[in-house]
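Remember, it's 1-based here, ligands and their atoms both numbered in the order they're listed.
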Amino acid sequence: MGIIKEIHNLYLKKEITVREVIEKYLKNIENWEPHVHAFLTVNLDYIEREIKRVEGLKFNEDLTLYGIPVAIKDNILTEGLLTTCASKILANFIPPYDAEVIRRLKEKGAIIIGKTNLDEFAMGSSTENSAFGPTKNPWDLERVPGGSSGGSAVAIATGESPLALGSDTGGSIRQPASFTGVIGLKPTYGLVSRYGLVAFASSLDQIGPFARKVEDLAIILQVIAGYDPKDSTSLPYSPPNYLDSLGKSVKGWKIGIPKEMWERGVEDSVLEVLDSALKVLRDLGVELIEISLPTVEYALPTYYLIATSEASSNLARYDGIHYGYRNKNQKDLISLYKVSRGEGFGSEVKRRIILGTYALSAGYYDAYYLKATKVRTLIRQDFESAFRKVDLIISPTSPVLPFRLGERIEDPLKMYLIDILTIPVNLAGIPAISVPAGFKDNLPIGLQFMGPFFSEDKLLQISYAFQKLMDFSEKYPNTVEGL
Ligand code: GLN
């Protein structure tokens with residue numbers, strides 16, 4: 001049974017109140033936060049108002065998230081609740097409205113328990129780029145939890161929250177899910193409204209959920225998925241009932257193993273653990289077929305041209321006038337821009353703005369940005385032709401185990417390479433999920449399932465079948481004594 005159902009049963013039997021559930025999670029937060037720093041904001045006044053609001057609703061079947069806490073990545077706008085993007089430039093930003101996903105969660109009775117840590121503006125793979133200090137991996141406090149949605153992933157891994165939202169531009173939901181032993185889904189581009197998500201790279205960004213159990217992930221996805229006229233990239237599509245696909249057989253499904261994503265650069269320990277995951281898939285009656293995705297080799301440079309170009313444009317608004325921190329001692333406009341941005345942004349964000357501005361500048365646009373958009377089309381076509389032969393594709397989520405804090409932060413290229421297996425999915429716009437598939441030396445390893453556009457139901461179906469045979473959802477980290 002999923003955690004949502006478990007809590008709802010207790011509500012129905014009147015064995016526990018909404019306040020008691022929230023207090024239990026707040027206690028977990030109090031215990032874990034000094035060790036992991038998953039949250040940037042937990043505002044007790046805000047939570048008190050939300051408890052009262054939900055207590056005023058009458059619990060019924062339609063309120064699928066009634067009295068359930070959800071942790072939110074701090075680049076998703078929450079009305080009246082600090083939203084910093086882990087950047088000094090937005091250190092005091094209190095949004096005047098809710099993102100569409102937040103509106104939908106609240107409408108279904110959810111309670112936003114806090115805002116989680118991330119790499120500044122979601123740029124990074126370790127949560128070390130947060131201006132407010134890194135998040136630690138609860139399985140080994142000297143290691144990173146992945147990123148950029150590291151805080152949301154850790155909140156699930158520790159049990160500080162049963163559900164969380166993150167954003168995934170190049171792997172930022174799936175990679176931290178893999179590093180912390182939880183499930184993370186990046187939906188099809190256009191399935192979940194990005195209205196109120198602070199933009200990093202608009203043609204790639206998607207909001208998606210984290211959970212410990214597939215049932216819970218299906219329920220929260222149902223709430224946030226579906227057309228929103230306020231987001232011009234939202235697609236007019238009515239999602240199926242995701243819970244309906246759980247429990248159905250996956251026998252006879254064909255799953256592609258792209259040799260390019262298993263051969264080069266994947267650590268032996270990852271391959272070793274995933275070998276038993278492949279056996280589980282065979283036990284489920286799935287046929288594993290070797291395939292080739294020849295263009296994924298170009299995904300990394302393509303991504304770093306497109307993502308940085310879009311970032312340089314999106315981040316222009318933080319000029320100390322429209323938005324963001326302002327250095328008040330400047331005498332003219334240009335120095336106000338320069339000094340405010342210079343002091344407000346961290347070094348990775350500056351690096352991306354410079355790279356993106358260069359790729360978009362006259363004389364280089366055709367050679368870099370335009371070319372990258374063409375390669376992107378080839379990558380998408382590669383996936384499309386693969387999906388004519390197979391139902392789904394699998395790969396390791398990350399080529400490496402969770403690494404030590406500080407180990408890669410000095411070398412951007414080394415950090416960028418971490419996302420080599422998640423980035424192709426964003427460029428193609430397709431959905432993918434990372435599911436815990438085993439442990440090596442008590443460090444979690446995730447398996448990534450990728451599917452065609454709008455195959456979230458299938459991804460949930462296979463993940464559910466897989467989790468039935470390989471279930472780590474009851475396994476919690478015990479690095480902190482007494483917890
Ligand atoms: N690590 C990748 C980057 O730094 C992806 C980040 C993300 O998905 N938000 O761009």
> Salt bridge between Arg352 and Glu348, side-chain N to carboxylate O under 4.0 Å?
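Salt bridge between Arg352 and Glu348, a charged N being under 4.0 Å from a carboxylate O: yes.
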> Checking the side chain of Thr116 only, and the main-chain atoms of Gly151 only, is there a donor and an acceptor separated by less than 3.5 Å?
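No; judged by distance alone, with no hydrogens or angles, the pair does not exist.
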> Using a 6.0 Å cut-off, check whether atom OH of Tyr298 has over 12 heavy atoms from anything other than its own residue.
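Counting other residues, nucleotides and ligands, OH of Tyr298 stays at 12 neighbours or fewer.
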> More than 12 foreign heavy atoms under 6.0 Å from NZ of Lys106: is that the case here?
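Enclosed: over 12 neighbouring heavy atoms sit under 6.0 Å from NZ of Lys106.
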> If you look at every heavy atom in Ser193 and Val101, which pair is closest and at what distance?
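Scanning both residues completely, I find the closest heavy atoms to be O-CG1, 3.9 Å.
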> Please list, by chain and number, the protein residues whose heavy atoms come under 4.0 Å of ligand 1.
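Residues near ligand 1: Ala122, Met123, Gly124, Ser125, Ser148, Asp168, Thr169, Gly170, Gly171, Ser172, Phe200, Tyr303, Tyr304, Arg352, Asp419.
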> Considering residues at least two apart in sequence or located in another chain, which fulfil the salt bridge (Lys or Arg N to Asp or Glu O under 4.0 Å) criterion with Glu310?
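Glu310: no salt bridge (Lys or Arg N to Asp or Glu O under 4.0 Å) contacts found.
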